[in-house]
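Written below as structure tokens is the structure these notes are about.
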Amino acid sequence: MNEPRALTIFRHLFLLLFAAISIYPVLTVFSISLRPGNQLQSTDLSIIPENWTFTAYRQLFTDQPFLRWLGNSMIVSCMVTITGVALASIGGYALSRFKFVGRQATMLAILTTQMFPATMLLLPLYIVIAKLHLVDTFLGLLVFYVSTALPFCIWQMKGFYDTIPPSLEEAARIDGCSQFGSFWRIILPIAVPGLVITALFSFMTAWSEYIVAAQVLQDREMFTLPLGIKSFQASMSTEWALYAAASILVSLPVVIVFIGLSRYLVSGMTLGAVKE
Amino acid sequence: MACRAFLSLCWLACALLAGCGERSEKRTVTLWHQMVPRDRVMLNQLVAEFEAANPDIDVRTLYKETEELRSGYQAAALAGIGPELIYGPSDVMGTYHTMGIVADMSDWISQDEAAKFVDGALTYLPDLKQPTRNQLVLLPDRFGNHLALVYNRNLVPNPPKTTDELIEFAKAVMVAPETGERTNRYGLVWNFVEPFFAVPFITGYGAWVFDDSGKPVPNLDTPEAIAGYKFILSLRDEQKITPQNCDYETADSLFKTGKAGMIINGDWSWTDYLETEGIDAAVAPLPTISATGKPMLTMISPKGYSLNPFVSPKAADDAMKFTLFMTSEESQRKFMELVKILPSRKVLLDEPLMQSDPTLQASKAQLANGRIMPVVTEMRATWDAMRPPYQKLMGGSANPGQAAREMQANAERGIELIHRKDVPETAAWVWQLAGILICGGLVVWQRESLLAFLPDMRKQPFAYLLIAPAILVMFATVVFPFFYNVVLSLSNMSLTNYQDWQIIGFQNYSDLFNVEVIAGVTFAGVLLKTILWTVINIAFHVGIGLALALALNGPIRGKSLYRVMLIIPWAVPAYITALTWRSMFHYDYGAVNLLAQTWPITWITESAWFVWLCGTAPPYNWLGEANLAFAACIVANVWLGYPFMMVIALGGLQGIPQELYEAARIDGANRWQQFRNVTLPLLKPVLAPAVTLGAIWTFNNLNVIWLVSNGGGPADQTHILVSYVYKAVFNFYRYGYGAALSMVIFAILLAVSLLSLHKTRATESVYS
């Protein structure tokens, strides 16, 4: 069915408006990164400032261990994504398909882990990490990030599995598939959009976190990107150009990951074959 | 097969991760410092020299931002680890000393050596156990940290000697010499947010923060101080030589771009100005106040090294070796040459460089008009007391008399709270017994489900196997911290009881309703604001996110480009975009105000009804007024949040079978009915977790409020519960209070979630 022309125009206008709103603040960040002499604010509204320069970007690679930080962040984020997606995809499945004792309580308990203000958990968490000698290792960070990302991921996966009719697995089981087999071969491929969101979310959780990282990582060589970026900021002498340039660069991988994943997000296998 | 490959990949990664923590054989000295980038260059050079001379010692330096260093060091010290040395200004020493997290360094400094330092540079504080004995808590490598006047010689040829001259010169800056017309330049700028920058004005009228008793008794409500504040306001409102609003970054940018003739700023910033292209900066002492004939006095303090008391004697020796090297004459001379900062050793003050360098000369002259900043904890409480009323004064919601009165009242209350003795009402074992009884009671109460647990586990082990790893990981990180906080909320942990805290009962919970840790901020008010914050944010996140997803769903030109642009607010780290939003809300230069004054938007913003609705025509004082600051935070957070909801909704839309729409169309449903009866119900299971968790995250979202409103500003009127917890704990050291407040937050969220889950049945599948 063709939609009315007016609706198409309206859709475009609406998307254009929000696209502009979405990118304008980021363009100003880009503008700060091109400004000579470290200024956050400017009386000048143009995006390309006078005397613009790429010095900040060059400095990131020549004077700062930016690539090292990028590598660290990549390791941590990818590990968190893999672990997060793996645990959430099976955990969410259990919650969606099995009526086990304490299922409701489990779902609520998962939620409750997000309810306590994270700032107050920092001090005891730090004590644990110190006692377990996990300071300056990625392992401590990994466990914390996965546990931060999991509640959403599990709930999200459960939500996706809930939209898939159980008749699919029943059919597979009748055809001789094992319990795990019907999950792995039938359900998981259909839940790809959910997996993509879960992956994106896990990645973002690890990618942009710095408060816990600042506690766990004390060695500059071990820094993740957000920590590196934060080290350009001081209460009264921030290197704004470096700070902004690094922020632009740090968001590029996310955009790339998103572009790569959005193919699945949008044309995830539809349930066209399913007849209720 | 895939499964095994995945497992071995995991093991490999774990091995890699664990292997990264290896340490070298050398003895290490770790230093956490807050040196500005230029200083770090010299620091690294000196560290290399030291390591060459002491090959068995490895010095690791780590830069941390002021607040991060403070909170990080406090936590590390409590955990019994942390760096051997910390470097910073002396103002935090009072609190560190009270907490017992700095060591006495006097064993390493002889009397003769100590005499070589400038008077007041070595920071001594009385031993907490033997008040007659003094402990050396900070060994300085520089002395100053003071304010002076920096002027741009292109605009102000000679520095003003008096404030009358200052006003005259400033006015000259603001008009174009050829035409005599008003330019967009300002005469004088400084940071209006921190009362530290106001001190020279009030001292010029004869005021000081403490009284003359020699004890740290605040004396902020004096006629002299009020005269000082009046003078500050007159510079802006009568002489009109300063901007309407000005924070540190604005002042800095204005001066660097030649849009301000003079700036009042500290010694840490001067070399940066001297080297900024396009301006010709020079430093001069602050002028004399014409009305009183008195000089403007600035606060001065030493900066230097402090020792962690929780390190081995051997490590302390190494650390002190490094400290003595860094504070030696030669090292200080190098710093002095590079960064133009006054040394802490007397002999260096008579160097030839001191006479030849105009910046050092001006700095020394200003130092003579300085008063040492007291390092006691009361000083910190005094700053905290002055800040909100001072911001109200500059924002126009208090007059000088009111502000001064409020500062004094805040300071007295704050200091009283620090010294309040919180002692246990009942013995510790009573609390332990109560805890055991509660746990036992819970087990008895839930015995049926617990008993049903084991047989069920045997019946469907597959389900438990699937969920167990996730549960283990989550609870491994949450359980201990949570119970730690439960105990903390019943304790008296605070500045004065940092390491030796004990359980005192429900004092903190009653304090929630009876004691204002931040003046004028009540629990009920903050709770109301938090609810408002959550509801508005979630409504916009879901509304906009869903609308965008629907607009993107189905064939449309440029779809992938739209999609990428719309995801951007999520992709760029919030800690930079929040700051960007803060500058977009700037009064004079922010994009939001400029936009509101641009045609055709003025058609709305300047129309009679809109002006009536807002109470004013643009520009709006976004960050200076409480309600507008709160609105600014909401706008920034809505912007940050809608891409996430859009992605979720997009994902959810893909899962809806097209057949259902076809069926609906055959039944004659129009677009709205299709949306209402097909799209929404099928999106619900996917959106429900995002909305539920989104609400919880928004409720507990510290970052945006903190960064956009600059810590709950103006004058602490923009707090939500979490930012209030953060402030109470990390600025006011009320750990027990913060934990109690967190428990209340937890209880509120738990109750609301239980209720809404019960109502919406979000845990249930659509097919069941």
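All values below were derived from every heavy atom in this structure, side-chain atoms included, with hydrogens, water molecules and symmetry-related copies excluded. What you are looking at is a predicted structure, and each value in this text was computed from that prediction instead of being measured. In what follows, chains carry the letters A, B, and so on, assigned in the order in which the sequence lines appear, proteins first and then strands, with residues in each chain numbered from 1.
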If every non-hydrogen atom of [X] is compared with every non-hydrogen atom of [Y], which pair is closest and at what distance?
{"X": "B:T477", "Y": "A:L125", "result": "O-CD1, 3.6 Å"}
{"X": "B:F480", "Y": "A:P124", "result": "CE2-O, 3.7 Å"}
{"X": "A:P117", "Y": "B:V722", "result": "CB-CG1, 3.7 Å"}

Worksheet item: Between OG1 of A:T112 and CG of B:L750, what distance do you get to the nearest 0.5 Å?
Response: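 The CG atom of B:L750 is 7.0 Å from OG1 of A:T112, to the nearest 0.5 Å.
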Discussion item. Before we go on, tell me: are the rings of A:F152 and B:W697 under 6.0 Å apart, centre to centre?
Written reply: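 Centroid separation for A:F152 and B:W697: below 6.0 Å.
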Fill in: Atom group of B:M743 that falls short of 4.5 Å from chain A, counting heavy atoms
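Both backbone and side chain.
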Worksheet entry | Residue part contacting chain A, namely of B:L552, when any heavy atom lies under 4.5 Å |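 Both parts, heavy atoms under 4.5 Å.
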Worksheet entry | Plane angle bin for B:F482 and A:F116 - parallel if under 30°, tilted between 30 and 60°, otherwise perpendicular |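 The arrangement is perpendicular - the two ring planes meet at more than 60°.
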Worksheet entry | Parallel, tilted or perpendicular: rings of B:F644 and A:F201 (30°, 60°) |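 Ring orientation, 0 to 90° scale: tilted.
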Worksheet item: Between B:T577, B:L702, B:L548, B:V478, which shows the greatest number of heavy-atom pairs under 4.5 Å with chain A?
Response: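 Highest number of heavy-atom pairs under 4.5 Å: B:L548.
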Item to complete: Output the option from B:L653, B:L488, B:N553, B:T30 having the highest count of non-hydrogen pairs under 4.5 Å with chain A.
Response: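 The candidate making the most pairs under 4.5 Å is B:N553.
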Worksheet item: Could you go step by step and tell me if A:L15 and B:L566 meet the side-chain contact (heavy atoms from CB on, under 4.5 Å) rule?
Response: CA-CA 8 Å; A:L15 289 170; B:L566 289 169; 3.8 Å; yes
Discussion item. Any non-hydrogen side-chain atom of B:S753 less than 4.5 Å from a side-chain atom of A:Q114?
Written reply: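 Not in contact.
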Item to complete: Look only at the side chain of B:R563 and the backbone of A:I259, and say whether a donor-acceptor pair between them is shorter than 3.5 Å.
Response: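 Judged by distance alone, no pair lies under 3.5 Å.
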Worksheet item: Donor-acceptor pair, B:K64 side chain versus A:A214 backbone, under 3.5 Å?
Response: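 Looks like yes, one N/O pair under 3.5 Å.
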Worksheet item: Between A:Q218 and chain B, which part of the residue has a heavy atom less than 4.5 Å away: side chain, backbone, both or neither?
Response: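 Both the backbone and the side chain of A:Q218 come within 4.5 Å of chain B.
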